[in-house]
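Here, residue 1 is the first one in the sequence, and each next residue gets the next number. Order of appearance sets the numbers: ligands from 1, and atoms from 1 within every ligand.
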Amino acid sequence: MRFILITGGAGFIGSNFISFLLKKYQDISIVNLDKLTYAGELSNLKELEDNKNYTFVKGDICDVALVNELFKTHNFSGVIHFAAESHVDNSIANPDAFINTNVHGTFNLLNTAKNHWMDAPFSFKPGCENNRFHHISTDEVYGTLGKTGLFSEDTPYAPNSPYSASKASSDFIVRSYYHTYGMNVVTTNCSNNYGPKQHNEKLIPTIIRKAINGENIPIYGDGKNVRDWLYVEDHCSGIDLVYQKGRSGETYNIGGKNERDNLYIAHKICGLLDELRPKLSKYAEQITFVTDRPGHDFRYAIDASKIENELGWQAKENFETGIVKTVNWYLNKYENR
Ligand code: NAD
């Protein structure tokens, strides 16, 4: 049995990933450490309640004693680290929590793993030679793109929000543990995820919820900001590949090759709702433009050729197929409350 510590597994991507992993592997046992902030939702993991290979621990990744205790109790061969404050809008109003969790929390996990797995720089304790720390990060660390170009693993970091700056800092700490201590680390930087179990505050759940509630659908600025949309299950398969086969010390970008602007997304969802839940007026009439947020990056897009060529990863969904599944999932959630 392989014991893996997953952090932030009650959130959007972490909960999808735990289900994905436990379905795929019978020899993996997971401890999910999550503080259950406003973004954590235990109901995301309902289907795992009786799974003997799954344990939930409520706690903070910044808690030095707790993380140390977990490493002592469970013989972790890996950490897959999702826990973060993840909403850019919140990082503008309240950056403190972002620095605490994303920077200090990542450091605490990494340092505890090092102390349990290594007895000196570049020297692993017996049996820990293949133990791996996988850090989940974002394409937002690269800053913003103009109308053309793609983020590759070599793009210089230029974070523009407290959120992306905190993630960039954590990426650098992870990198330093590879170069300084020889720790077995990998980092994945992904584009915007969408799919089931995302928090209500994020763009796509907001559009769907406001639309069916008959409320205004708020779109920042002129709606022309572009993101590279990645279906969450495709992200999970990419993380799994990198965790199992990625080269130590490397970073891998994961993106859906699905650049869409916010206005297109709102119209696409409204069009689907017109078919699925027809009413007298068109849902798109509810779209309204609101004042843009400060420091709103114009465009993100990922060159995923490294993970595709090196590890054979391919996204299965494009935005038009993934969004149908997503809209149906949220209709079920919002209409059955
Ligand atoms: P999320 O906000 O949905 O979930 C975060 C989870 O972390 C929650 O369950 C929360 O309770 C937990 N958490 C927060 N602070 C904690 C702490 N101090 N200790 C323990 N647990 C804590 O986030 P998500 O969208 O699932 O994102 C997961 C990871 O992926 C994050 O690291 C994020 O930066 C990265 N990422 C997300 C996206 C995206 O589109 N959602 C894109 C790129 C990268």
Side-chain angles (χ1 to χ4, degrees), residues 5-20 31-45 56-64 66-67 70 79-91 94 96-109 112 134-142 151 159 161-171 174 187-205 227-236 238-239 251-256 258 265 297 300 302 304 322 326:
L5 174 64
I6 290 191
T7 68
F12 165 44
I13 305 173
S15 61
N16 277 284
F17 183 72
I18 292 176
S19 297
F20 174 94
V31 173
N32 172 17
L33 172 62
D34 196 298
K35 187 180 174 183
L36 296 181
T37 66
Y38 79 94
E41 191 53 73
L42 273 186
S43 61
N44 283 343
L45 296 151
F56 177 73
V57 176
K58 183 175 186 306
D60 192 330
I61 58 167
C62 300
D63 183 335
V64 178
L66 171 67
V67 172
L70 289 176
V79 177
I80 306 179
H81 172 38
F82 294 89
E85 287 291 337
S86 71
H87 192 37
V88 180
D89 287 4
N90 294 344
S91 84
N94 291 307
D96 316 38
F98 287 72
I99 306 303
N100 278 337
T101 288
N102 301 359
V103 183
H104 295 298
T106 301
F107 165 71
N108 183 37
L109 288 168
T112 308
H134 185 148
H135 176 56
I136 308 297
S137 191
T138 170
D139 61 356
E140 300 195 28
V141 297
Y142 299 122
F151 295 134
S161 70
Y163 164 65
S164 53
S166 67
K167 292 297 289 187
S169 311
S170 62
D171 293 8
V174 172
T187 296
T188 45
N189 296 78
C190 68
S191 56
N192 274 47
N193 283 224
Y194 69 103
K197 303 181 178 176
Q198 191 164 26
H199 193 273
N200 284 340
E201 69 189 354
K202 299 285 169 78
L203 179 70
I204 288 177
R227 299 292 180 263
D228 179 352
W229 292 90
L230 174 65
Y231 191 63
V232 66
E233 213 168 287
D234 285 325
H235 186 199
C236 292
I239 295 169
T251 65
Y252 294 85
N253 285 353
I254 311 180
N258 276 280
I265 286 170
D297 290 334
Y300 306 140
I302 275 196
T326 305

Any chance the side chains of [X] and [Y] put a donor and an acceptor closer than 3.5 Å?
{"X": "Thr106", "Y": "His135", "answer": "no"}
{"X": "Tyr194", "Y": "Asn258", "answer": "no"}
{"X": "Glu140", "Y": "Tyr300", "answer": "yes"}

Nitrogen or oxygen atoms of [X] and ligand 1 under 3.5 Å apart:
{"X": "Phe12", "answer": "yes"}
{"X": "Lys167", "answer": "yes"}
{"X": "Asp139", "answer": "no"}
{"X": "Glu41", "answer": "no"}
{"X": "Asn192", "answer": "no"}
{"X": "His81", "answer": "no"}
{"X": "Gly11", "answer": "yes"}
{"X": "Cys190", "answer": "no"}
{"X": "Ser86", "answer": "yes"}
{"X": "Ile61", "answer": "yes"}

Closest protein heavy atom (residue, atom, distance) for [atom]:
{"atom": "atom 5 (C) of ligand 1", "value": "Ala84 O, 3.5 Å"}
{"atom": "atom 26 (O) of ligand 1", "value": "Ile13 N, 2.8 Å"}
{"atom": "atom 9 (O) of ligand 1", "value": "Asp34 OD2, 2.6 Å"}
{"atom": "atom 40 (O) of ligand 1", "value": "Asn193 N, 2.8 Å"}
{"atom": "atom 29 (C) of ligand 1", "value": "Phe82 O, 3.2 Å"}
{"atom": "atom 15 (N) of ligand 1", "value": "Thr101 CG2, 3.5 Å"}
{"atom": "atom 21 (N) of ligand 1", "value": "Lys35 N, 3.0 Å"}

Part of [X] within contact of ligand 1 (heavy atoms, under 4.0 Å):
{"X": "Tyr163", "answer": "side chain"}
{"X": "Glu140", "answer": "neither"}
{"X": "Leu36", "answer": "backbone"}
{"X": "Ala97", "answer": "neither"}

Atoms of ligand 1 close to [X] [distance to a heavy atom under 4.0 angstrom, numbered from 1]:
{"X": "Thr138", "answer": "43 (C), 44 (C)"}
{"X": "Gly40", "answer": "8 (C), 9 (O), 11 (O)"}
{"X": "Thr37", "answer": "10 (C), 11 (O), 14 (C), 15 (N)"}
{"X": "Gly59", "answer": "19 (N), 20 (C)"}

Practice prompt. For the residue pair Phe98 and Asn90, establish whether any side-chain heavy-atom pair is separated by less than 4.5 Å.
Written response: yes

[X] side chain to [Y] backbone, donor-acceptor under 3.5 Å:
{"X": "Ser19", "Y": "Asn16", "result": "no"}
{"X": "Asp171", "Y": "Thr187", "result": "no"}
{"X": "Asn108", "Y": "Ile61", "result": "yes"}
{"X": "Thr7", "Y": "Phe82", "result": "yes"}

Looking at [atom1] of [X] and [atom2] of [Y], how far apart are the two atoms once the value is rounded to the nearest 0.5 Å?
{"X": "Ile6", "Y": "Asn32", "atom1": "CD1", "atom2": "CG", "value": "7.0 Å"}
{"X": "His87", "Y": "Ser161", "atom1": "NE2", "atom2": "OG", "value": "11.0 Å"}
{"X": "Asp234", "Y": "Cys190", "atom1": "CG", "atom2": "SG", "value": "12.0 Å"}
{"X": "Tyr142", "Y": "Asn189", "atom1": "OH", "atom2": "CG", "value": "4.0 Å"}

Fill in: Minimal non-hydrogen separation, Val232 against Gly195, with atom names
CG1-CA, 4.2 Å

Practice prompt. Start with the C-alpha distance between Ile136 and Phe17, add both sets of side-chain angles, then the distance that settles side chain to side chain contact (heavy atoms under 4.5 Å, CB included), and finish with yes or no.
Written response: CA-CA 12 Å; Ile136 308 297; Phe17 183 72; over 6 Å; no

Worksheet item: Does the pair Phe151 and Asp228 meet the rule for a side chain to side chain contact (heavy atoms under 4.5 Å, CB included), with working shown?
Response: CA-CA 11 Å; Phe151 295 134; Asp228 179 352; over 6 Å; no

Worksheet item: Taking the non-hydrogen atoms of Ser137, is any one of them nearer than 4.0 angstrom to ligand 1?
Response: yes

Fill in: ligand 1 contact by Ser191, heavy-atom criterion under 4.0 angstrom
yes

